[in-house]
Protein chains: 2
Amino acid sequence: MDTINNKVDGKGRVSLPSDYRAIVKELSSEIVCYRSLSLPCIEGCLEETLDKLASDIETSTDFFSETQDNLTNLIFGDAKRFAFDSTGRITLTEKLLKHAQITNEAVFVGKGRKFQIWNPENWEKEEARIRADALKNRPSLRTKEID
Amino acid sequence: MDTINNKVDGKGRVSLPSDYRAIVKELSSEIVCYRSLSLPCIEGCLEETLDKLASDIETSTDFFSETQDNLTNLIFGDAKRFAFDSTGRITLTEKLLKHAQITNEAVFVGKGRKFQIWNPENWEKEEARIRADALKNRPSLRTKEID
DNA sequence: ACAACATTTATGGTATATCATGGGATTTTG
DNA sequence: CAAAATCCCATGATATACCATAAATGTTGT
């Protein structure tokens with residue numbers, strides 16, 4: 001949960017927000033990150049979340065499962081484990097930082113079982129887009145009691 | 001549940017009304033708050049309410065769905081856990097206070113499974129608006145009240 | 001009914017622990 | 001051996017826990 005802005009130093013080091021860390025630490029000591037398929041951001045989650053995704057798709061009878069299978073392969077090929085050090089930081093790779101256009105600052109955005117890491121300006125725009133979109137679809141949101 | 005007016009100090013601390021606290025404490029020791037999507041107020045609920053919503057979304061769309069991505073970003077990106085201290089207070093964030101235009105005082109308004117936190121003046125206007133709206137949409141009520 | 005007392009609640013202030021972040025030391029790798 | 005990646009320590013900032021007072025509410029006894 002939550003959106004948090006942290007600094008990224010010259011080595012690509014960035015603190016995983018403490019709230020995130022607390023949750024991760026209950027289950028593991030590392031996370032998995034990969035380039036988002038559709039957005040200019042980094043996605044992160046626990047390894048077990050990716051594993052679950054893979055098995056879900058394997059057993060799926062969905063007509064489009066072949067497409068999803070390809071997408072899954074893309075993610076697995078890209079994904080890399082990141083352990084956090086004693087002060088709670090991970091060091092992101094050039095490939096990931098470049099994809100998300102991150103230099104000095106990174107915004108962590110909670111997504112429940114996953115999270116995203118954004119360039120601050122890009123996230124600002126994306127958030128505005130999402131909120132506008134959600135307002136347009138407000139009737140369906142209402143039934144789900146978001147607002 | 002009635003509406004309760006409490007002070008907000010310089011740190012953003014505010015007492016959760018005792019009635020609210022009693023209900024929350026039966027189930028948890030913390031609440032979740034987020035900016036209302038359409039109104040200038042803060043909304044609060046139990047975490048399980050958001051979790052339920054998230055699982056609803058997960059089962060209704062697939063892992064790669066853009067709609068799901070947007071919704072989960074909107075919900076979990078904005079929401080934050082707030083534990084209350086030994087005296088029953090939570091400390092609201094700048095983002096939330098700014099959205100609701102709250103400075104010194106905050107009004108708690110019960111909404112069943114949720115509640116809202118308002119700037120007192122804004123709530124006064126909103127309540128008037130709601131009452132006027134109710135009358136307009138129920139002419140039959142009006143005639144009965146006149147008689 | 002009223003007074004005296006007790007308990008819960010709200011609020012202000014201060015101390016403490018935690019977190020984010022910079023710099024440097026140490027290890028690994030090619 | 002050089003370059004890079006990883007680990008460890010120091011510090012300032014921030015948030016959290018703790019204590020102390022004040023107000024409101026509730027309770028008891030006469």
Side-chain angles (χ1 to χ4, degrees), chain A residues 1-26 28-33 42 44 79-98 102-110 115 117-120 123, chain B residues 1-26 28-34 42 44 47 79-98 102-110 115 117-120 123:
Chain A
M1 282 199 204
D2 205 3
T3 297
I4 284 167
N5 194 322
N6 279 347
K7 297 249 165 66
V8 181
D9 69 15
K11 303 175 189 172
R13 289 186 302 183
V14 62
S15 288
L16 199 69
S18 62
D19 286 356
Y20 290 43
R21 232 154 55 214
I23 292 171
V24 173
K25 251 187 181 166
E26 286 174 14
S28 168
S29 65
E30 56 185 27
I31 57 173
V32 171
C33 292
I42 303 165
K80 178 172 160 39
R81 289 196 194 89
F82 291 90
F84 36 85
D85 64 20
S86 56
T87 64
R89 281 184 290 199
I90 56 174
T91 59
L92 296 168
T93 63
E94 265 305 314
K95 185 174 76 175
L96 292 175
L97 291 171
K98 191 181 170 192
I102 292 170
T103 54
N104 302 318
E105 286 182 67
V107 173
F108 289 78
V109 182
F115 64 89
I117 314 178
W118 286 80
N119 165 304
W123 168 243
Chain B
M1 276 198 190
D2 54 356
T3 64
I4 286 169
N5 194 323
N6 279 347
K7 295 250 165 67
V8 181
D9 70 15
K11 302 176 189 172
R13 289 187 301 186
V14 61
S15 287
L16 202 68
S18 61
D19 288 354
Y20 291 49
R21 232 156 54 215
I23 293 171
V24 173
K25 252 189 179 164
E26 287 173 15
S28 168
S29 65
E30 56 185 25
I31 56 172
V32 171
C33 292
Y34 53 94
I42 302 165
E47 186 173 359
K80 180 171 162 53
R81 288 199 195 87
F82 291 90
F84 34 84
D85 64 19
S86 56
T87 65
R89 281 182 292 195
I90 56 173
T91 61
L92 296 168
T93 63
E94 267 304 314
K95 185 175 79 173
L96 292 175
L97 291 171
K98 191 181 168 191
I102 292 170
T103 54
N104 302 317
E105 286 181 65
V107 174
F108 288 79
V109 182
F115 63 90
I117 313 177
W118 286 80
N119 165 305
W123 169 243

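Numbers restart at 1 for each chain; the letters A, B, ... are given by sequence-line order, proteins then strands.
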- Task: Report the end-to-end axis angle of the helix from C/dA1-D/dT30 to C/dG30-D/dC1; each axis comes from five terminal pairs, and the value is rounded to 10°.
- Result: 40°
- Please name all residues satisfying side-chain contact (heavy atoms from CB on, under 4.5 Å) with A/Thr87, sequence neighbours left out, ordered by chain then number. A/Asp85, A/Arg89
- Task: Taking side-chain contact (heavy atoms from CB on, under 4.5 Å) as the test, write out the residues that go with B/Ala79, two or more places apart.
- Result: A/Met1, B/Val32, B/Tyr34, B/Leu50
- Side chain A/Tyr20, main chain A/Gly110, donor-acceptor under 3.5 Å: yes
- Side-chain (A/Ser28) to main-chain (A/Glu30) donor-acceptor, under 3.5 angstrom: yes
- Item | Nucleic acid contacts of residues 8-18 of chain A, taken as heavy-atom distances under 4.0 Å to DNA chain D | A/Lys11, A/Arg13
Going by atom type alone, with no hydrogens or angles, which donor-acceptor pairs under 3.5 Å involve a side-chain atom of residues 102-109 of chain B and a protein atom two or more places apart or on another chain?
{"unit_1": "B/Glu105", "atom_1": "OE1", "unit_2": "B/Asn5", "atom_2": "ND2", "d": "3.3"}

- With side chains defined as the heavy atoms from C-beta onward, is the minimum distance between B/Leu16 and B/Phe82 less than 4.5 Å? no
- Item | Any A/Leu96 side-chain heavy atom under 4.5 Å of A/Cys33 side chain | yes
- Task: May I ask you to verify if any side-chain N or O of A/Arg89 is less than 4.0 angstrom from the OP1 or OP2 atom of C/dG22?
- Result: no
- Considering just the side-chain nitrogens and oxygens of A/Thr87, establish if one lies under 4.0 Å of OP1 or OP2 belonging to C/dC19. no
- Residue set satisfying side-chain hydrogen bond (donor to acceptor under 3.5 Å, both in side chains) with B/Lys98, at least two apart, ordered chain then number -> none
